[in-house]
Amino acid sequence: LASTLNTTFISFTSGFVMDYSGMRVVAVSNLTALPAQSFVADTNSPALIAFNLYLNNGTIVLVFDEAITLIPTNGSVLVQNVSLPGITPVQTNMYTLVITLNNTDLLAISTVPGFGSINSTFILLLPGIASDYYGNPLTIQVFYATSVLPDTSNPMLISFSLDYNNETLLLTFDKTINPLTFVPSTVSLLSAMTQPATEMFNLTNSSIPASYKLSYILAVRLGPQELTMLKGFLNLGNNINSTFVMLQNRTVLDTYGNPSVPTTASVSSILLDTARPILTSFDL
């Protein structure tokens, strides 16, 4: 319909127009529709006019200036110059595409400086992801966010493990966290899920992040005091069935400033110290 000269016709009722004398035009029915005398095809590519980012659920809503049709097997999308090859846009109406980011995508993007800020969050659309109804594909477009709905959800601890060989405590969260905000005194290791535990101690300021890279995993390098105490316990830190971690409020913040919530979790794995002791000196 209306895509070529041979598929373009017009019909109208008598109320469509009248002359200066008030006489209504003679109606043209669908059965006697008039063919177009000329046809100028649409050669303009659709353009993105809005990029809305919803951080709470990892959703991107793209709005175009004309009706589009989705080409789900082609094209590519980059956010903050991070390629998202595995995304599957969904067309919700003639003008709108919705992209839902998975956890892998969110991790890759959220570690890029500027993501989440309306002035520095941008999307790059490559040709092939969609076209208009006349077959004109999208052109390469870089578009900054029109709106950003902040992420207000709190990061949650989902697992933790101990690695004595690397002297680290690994805390895994459900979203990207900022290691610079880690407060070691809010972390306790205990021998039981319920209080009072027979064996427990709190981390001290000698325990610091092993890396300050934004990630889902906070690798905490244990200080000498923590390592000595852990190795001296009968069960805590040495038995997978009696090693738990308790986080107080605000142990760490996510990349949007939301604090972690208090929680207690059991250890998922313990990699015991396999290094043999070496005599370094002796006195006679």
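Counting from 1, the numbers follow the sequence of the chain as shown.
In the model, Ser45 has no side-chain atom that pairs as donor or acceptor with a side-chain atom of Asn136 under 3.5 Å. Looking only at atom types and distance, the side chain of Gln225 has no donor-acceptor partner in the side chain of Ser206 under 3.5 Å away. Using modelled atom types, one finds no donor on one side chain facing an acceptor on the other under 3.5 Å when comparing Ser161 with Ser268. Residues Thr255 and Asn178 bring no donor and acceptor atom of their side chains to less than 3.5 Å of each other. Using a 3.5 Å distance cut-off with no hydrogens or angles, the side chains of Asn235 and Ser191 do not pair a donor with an acceptor.
Rounded to the nearest 0.5 angstrom, Leu189 CG and Leu236 CG are separated by 6.0 Å. Put simply, CG on Leu162 and CD on Glu226 are 11.5 Å apart, with the number rounded to the nearest 0.5 Å. Taken from OG1 in Thr264 to CD in Gln248, the straight-line distance is 10.0 Å, to the nearest 0.5 Å. A distance of 7.0 Å separates CG of Leu214 from OG of Ser110, quoted to the nearest 0.5 Å.
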Point to revise | side chain to side chain contact (heavy atoms under 4.5 Å, CB included) between Leu222 and Thr168, intermediate numbers included | key: CA-CA 6 Å; Leu222 298 171; Thr168 53; over 6 Å; no
Check your understanding: Going through the checks in order, is the ring pair (Phe, Tyr, Trp, His ring centres under 6.0 Å) test met by Phe143 and Phe51?
Key -> CA-CA 7 Å; Phe143 202 92; Phe51 161 30; 7.2 Å; no
**Study point:** Pair Leu171-Ile217, side chain to side chain contact (heavy atoms under 4.5 Å, CB included): steps then yes or no
**Key:** CA-CA 6 Å; Leu171 303 172; Ile217 301 175; over 6 Å; no
Point to revise | side chain to side chain donor-acceptor pair (under 3.5 Å) evaluation trace for Thr59 with Asn57 | key: CA-CA 6 Å; Thr59 300; Asn57 58 11; 3.0 Å; yes
Practice item. Evaluate the side chain to side chain contact (heavy atoms under 4.5 Å, CB included) criterion for residues Val183 and Arg250: first the C-alpha distance (whole Å), next the side-chain angles of each, then the deciding distance (0.1 Å), finally the verdict. Key: CA-CA 8 Å; Val183 182; Arg250 303 182 71 87; over 6 Å; no
Exercise for review: Could you check Arg24 against Met18 for side chain to side chain contact (heavy atoms under 4.5 Å, CB included), going step by step and ending with a plain yes or no?
Suggested key: CA-CA 4 Å; Arg24 295 181 179 275; Met18 63 178 64; 4.2 Å; yes
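Annotation for Tyr95: atom OH does not count as buried by contact number, only 12 or fewer foreign heavy atoms lying within 6.0 Å. Crowding of Asn93 atom CG: a count of heavy atoms from other residues, nucleotides or ligands under 6.0 Å exceeding 12. Within 6.0 Å of atom CG in Leu279, more than 12 heavy atoms from other residues, nucleotides or ligands are found, so the atom counts as buried in its surroundings.
Remark: of the listed residues Leu126, Leu84, Ile109, Ile123, Leu126 is the sole one forming a side-chain contact (heavy atoms from CB on, under 4.5 Å) with Leu78. With Thr4 as the fixed residue, the side-chain hydrogen bond (donor to acceptor under 3.5 Å, both in side chains) test singles out one of Thr8, Asn6, Thr7: Thr7. Among the candidates Leu230, Thr243, Leu234, the single residue satisfying the side-chain contact (heavy atoms from CB on, under 4.5 Å) test with Glu199 is Leu234. Under the side-chain contact (heavy atoms from CB on, under 4.5 Å) test applied with Leu106, the options Leu101, Thr176, Asp151 reduce to a single match, Leu101.
For the pair Phe182/Val220, a side-chain contact is recorded, criterion being any heavy-atom separation below 4.5 Å from C-beta on. A heavy-atom distance below 4.5 Å is found between the side chains of Val148 and Leu55. The shortest side-chain heavy-atom distance between Val245 and Val187 falls under the 4.5 Å cut-off. Counting only heavy atoms from C-beta outward, the side chains of Asn56 and Thr152 approach each other to under 4.5 Å. Under the 4.5 Å side-chain criterion, counting only non-hydrogen atoms from C-beta, Gln80 is in contact with Thr121. The side-chain heavy atoms of Phe9 and Leu34, taken from C-beta on, include no pair separated by under 4.5 Å. A heavy-atom distance below 4.5 Å is found between the side chains of Tyr256 and Asp254. No side-chain heavy atom of Ser11 sits less than 4.5 Å from a side-chain heavy atom of Thr32.
The closest donor-acceptor contact from the side chain of Arg221 to the backbone of Asn166 lies under 3.5 Å. The main-chain N or O of Thr96 is never found under 3.5 Å from a side-chain atom of Gln91 such that the two would form a donor-acceptor pair. A distance-only check finds no donor-acceptor pair linking the side chain of Thr146 to the backbone of Asn52 [under 3.5 Å]. Using a distance-only test at 3.5 Å, with no hydrogens or angles considered, no donor-acceptor pair links the side chain of Ser207 to the main chain of Leu203.
Considering every non-hydrogen atom in both Asn258 and Pro155, the closest pair reads O-CD, 3.3 Å.
With hydrophobic clusters built from ILVMFWY side chains whose heavy atoms lie under 4.5 angstrom apart, Leu271 does not share a cluster with Leu227. In the hydrophobic cluster analysis, where Ile, Leu, Val, Met, Phe, Trp and Tyr join through side-chain heavy atoms closer than 4.5 angstrom, Val90 is grouped apart from Ile60. Put simply, Leu247 and Phe201 are part of the same group of oily side chains (I, L, V, M, F, W, Y) that touch within less than 4.5 Å, one to the next. When hydrophobic clusters are built by joining Ile, Leu, Val, Met, Phe, Trp and Tyr residues whose side-chain heavy atoms come closer than 4.5 Å, directly or via intermediates, Val17 is grouped together with Phe12. Side-chain heavy atoms closer than 4.5 Å link hydrophobic residues (I, L, V, M, F, W, Y) into clusters, and following such links, even through other members, never connects Phe173 to Met156.
Aromatic ring pairs are classed by plane angle as parallel below 30°, tilted from 30° to 60° and perpendicular above 60°; the pair Phe122 and Tyr144 is tilted.
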Result block: side-chain N/O donor-acceptor pairs under 3.5 angstrom for residues 61-71, not counting sequence neighbours:
{"unit_1": "Asp65", "atom_1": "OD1", "unit_2": "Ala47", "atom_2": "N", "d": "2.9"}

